[in-house]
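One structure below.
Worth saying up front: this structure is predicted, and the values here are computed from it rather than measured. Residue numbers begin at 1 in each chain, while the letters A, B, ... track the order of the sequences.
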Number of protein chains: 2
Amino acid sequence: MTPTRRVTSSDVAREAGVSRATVSYVLNNTPRQSIPESTRQRVLAAAQELNYTPHAAARALRAGESNLVLFINTGVPYGVNLSVLLDTLTAEVSATGRSLVIWQQRDPADLATTLAHLQPRLAIALGELDDTQRALLAQARIPTVETDLGRDPVSPDVGTALQIQHLAGHGHRRLGYLTTSQPELERFTVPRLATARSTALELGLTRPLVYDVGPHLPEVSVDALASVLRDWTGGAEPVTAVACYNDICAAACIAAAPRAGLEIPGDLAVIGMDDETMSAFTRPALTTIRLDMISFAEHLWERTSAALENRPEPGLFSSMSFTLVERASV
Amino acid sequence: MTPTRRVTSSDVAREAGVSRATVSYVLNNTPRQSIPESTRQRVLAAAQELNYTPHAAARALRAGESNLVLFINTGVPYGVNLSVLLDTLTAEVSATGRSLVIWQQRDPADLATTLAHLQPRLAIALGELDDTQRALLAQARIPTVETDLGRDPVSPDVGTALQIQHLAGHGHRRLGYLTTSQPELERFTVPRLATARSTALELGLTRPLVYDVGPHLPEVSVDALASVLRDWTGGAEPVTAVACYNDICAAACIAAAPRAGLEIPGDLAVIGMDDETMSAFTRPALTTIRLDMISFAEHLWERTSAALENRPEPGLFSSMSFTLVERASV
DNA sequence: TTGTATGCGTTATCAC
DNA sequence: GTGATAACGCATACAA
């Protein structure tokens with residue numbers, strides 16, 4: 001492991017017997033500059049031979065901007081959906097010669113350091129930024145797109161609407177809704193609950209009963225949930241179906257039902273959201289809503305690169321990308 | 001949005017009535033240079049006022065190295081575990097004044113571009129790199145730590161061993177093992193299977209029967225699995241317990257059992273791995289192995305920063321960090 | 001084709 | 001002790 005110096009464009013220039021300027025022109029295919037083929041080949045060969053890679057920092061310094069796109073995850077827990085989003089976005093961004101880089105937020109205040117280290121050209125925030133962070137990004141003049149998972153800020157919440165419509169389509173009039181109070185998820189839970197309510201209203205259903213399973217999804221008490229289900233289904237006007245914030249809530253609900261003496265879907269229908277991998281293996285298998293994350297990622301990048309190039313914003317995210325996954329719980 | 005120029009150290013110097021050198025000395029607390037308090041205050045005030053942030057690229061160019069630590073995810077799907085690992089590692093790294101940045105690998109060949117853009121000081125790879133990638137990192141002289149999720153390359157695979165021991169402790173002598181052939185997961189599946197076999201051997205159990213549920217976890221056929229379970233449990237020497245590569249396989253197994261006329265845990269015990277969130281809500285609730293990802297992340301960073309500072313490698317990852325989560329499926 | 005200036009922060013060296 | 005000058009790191013693009 002000899003501590004060899006970095007290969008710079010000077011090395012290539014010397015090797016090829018030309019100036020550094022020429023090296024730069026050849027390697028960047030500068031259009032305004034014609035280079036004879038023979039020289040070009042010599043330079044290319046030298047670069048190849050020495051395994052030359054331009055120094056990113058120097059390039060960024062000179063260009064005044066970097067090639068990085070920063071993805072800020074404010075705390076949305078990872079699942080298949082986020083996984084696919086990140087995958088697709090990464091490919092999309094790298095196709096433009098840039099790199100997508102993900103930053104997992106712990107302390108919002110650390111954003112300053114991260115920005116200073118990275119100097120991204122662009123930022124995509126999943127979840128909600130606070131005002132200090134927005135100011136920071138604005139001050140650094142980094143165009144930023146804030147987004148929800150599968151929801152364009154201006155698009156309607158099609159997923160939740162689909163849940164309610166599906167239940168109504170099966171004749172259910174009195175619904176329950178399971179939500180969570182996990183703080184990082186507020187940005188998602190609040191609008192989903194609102195959509196559930198308004199869709200039920202539009203469809204002429206009664207106002208859904210709501211239960212908050214608590215702030216920590218892995219620790220949902222199945223017994224407490226069972227007793228809620230008993231209450232909901234026991235009265236004069238029993239709830240016959242439950243829509244859930246996500247598949248984890250739904251799985252808990254499916255686990256709780258038998259303890260309340262309820263059979264699914266006979267006594268109680270349950271619909272989830274997100275189509276997590278394990279949802280295919282609950283008993284009965286969970287009916288849920290799947291979002292085509294690939295097209296959402298493409299839409300998101302469309303919006304982002306529009307911001308980058310001062311193009312007009314693209315239209316709404318297509319509602320066709322939400323599909324009902326019909327299994328056995330409704 | 002006035003296209004104001006960036007604030008540079010020259011601006012601060014002018015504002016404070018000193019030279020750029022002095023600004024640098026003050027802002028970096030350079031030990032070899034004494035600065036009187038009055039000057040220091042003036043510089044600090046000016047920097048504050050102008051909201052000065054040093055240009056990362058310029059600094060990196062000068063220093064010859066960046067403050068970035070690159071986390072390369074070669075394709076491990078996101079779940080709670082990875083989520084916690086990333087969270088913890090991010091905090092750990094940022095405590096040292098660096099930034100952890102995550103790169104989701106799509107095309108292994110894109111690593112070259114990413115490295116060129118980022119010039120990370122250090123790399124941590126989750127999953128297996130190919131030789132081209134290793135060469136690339138070596139050539140760029142970026143110290144790299146390759147790792148598995150929860151398994152130090154030199155530590156024994158305690159998790160899988162625990163699974164088998166737990167089943168043996170409950171009197172099971174004939175085991176089945178469920179694995180997957182998803183290519184990105186090979187790095188995990190192969191050693192786990194090997195450990196399952198060797199542990200069974202050590203414990204005097206019969207050699208486990210193995211079934212591969214296929215390359216794509218979300219599409220496991222529950223029916224096919226049910227028929228395998230029938231085979232396994234039907235012979236003269238029936239399998240009485242199944243250990244699974246992960247909780248998803250285990251959930252599929254729990255879903256398949258009733259179709260094979262098997263009751264869990266009465267006729268067949270099932271144990272998973274990873275303690276996914278939904279595992280608490282299967283029926284019966286899944287017994288599984290949890291890894292304390294926080295301590296694993298700390299260990300990983302320990303190892304990584306040792307590589308960085310040429311300190312000796314720390315010891316093995318403590319096996320105490322694996323715990324059995326006893327629920328109802330064994 | 002090439003010399004040279006430019007972008008920005010850091011630090012060795014030197015002057016007061 | 002205090003602070004300024006100047007050179008350096010590397011790639012790029014204009015003028016010659």
Does B/Thr30 reach a base, just sugar-phosphate, or nothing at all? Heavy atoms under 4.0 Å. nothing
Between [X] and [N], is there a side-chain N or O to OP1/OP2 distance below 4.0 Å?
{"X": "B/Ser19", "N": "D/dG3", "result": "no"}
{"X": "A/Ser24", "N": "D/dA13", "result": "no"}
{"X": "B/Ser34", "N": "D/dG1", "result": "no"}
{"X": "A/Thr22", "N": "C/dT2", "result": "yes"}
{"X": "B/Arg59", "N": "C/dC8", "result": "no"}

Starting from [atom2] on [N], measure out to [atom1] on [X] and report it in whole angstrom.
{"X": "A/Leu27", "N": "D/dA11", "atom1": "CG", "atom2": "C1'", "value": "11 Å"}
{"X": "A/Arg14", "N": "C/dT2", "atom1": "CZ", "atom2": "P", "value": "14 Å"}
{"X": "B/Gln33", "N": "D/dT5", "atom1": "CD", "atom2": "P", "value": "14 Å"}
{"X": "A/His55", "N": "D/dG9", "atom1": "NE2", "atom2": "P", "value": "12 Å"}
{"X": "B/Gln41", "N": "D/dT2", "atom1": "CD", "atom2": "C1'", "value": "17 Å"}
{"X": "A/Asn28", "N": "D/dA13", "atom1": "CG", "atom2": "P", "value": "7 Å"}
{"X": "B/Arg6", "N": "C/dC8", "atom1": "CZ", "atom2": "P", "value": "7 Å"}

So if I take every side-chain heavy atom of B/Leu61 and compare against D/dA11, D/dC10, C/dT2, which nucleotide ends up nearest? D/dC10
Quick note, A/Arg32 side chain, CB onward, closest among C/dT10, D/dC14, C/dG7 is D/dC14
Do A/Arg62 side-chain and D/dC10 base share a donor-acceptor contact under 3.5 Å? no
Does A/Tyr25 contact D/dC14 through a side-chain donor or acceptor facing the base, at a distance under 3.5 Å? yes
On DNA chain C, check which nucleotide each of A/Val18 and B/Ala21 is closest to and give me the residue with the more 5' one. A/Val18
Counting only heavy atoms not in B/Ile294, do more than 12 sit closer than 6.0 Å to its CD1 atom? no
If you count the non-hydrogen atoms of other residues, nucleotides and ligands that lie under 6.0 Å from CD in A/Glu37, is the total more than 12? yes
For the residue pair B/Leu115 and B/Leu70, establish whether any side-chain heavy-atom pair is separated by less than 4.5 Å. yes
For residues A/Val12 and A/Val43, report the shortest heavy-atom separation together with the two atoms involved. CG1-O, 4.0 Å
Determine, stepwise, if the pair A/Leu44 / A/Val26 fulfils side-chain contact (heavy atoms from CB on, under 4.5 Å). CA-CA 8 Å; A/Leu44 256 21; A/Val26 170; 3.6 Å; yes
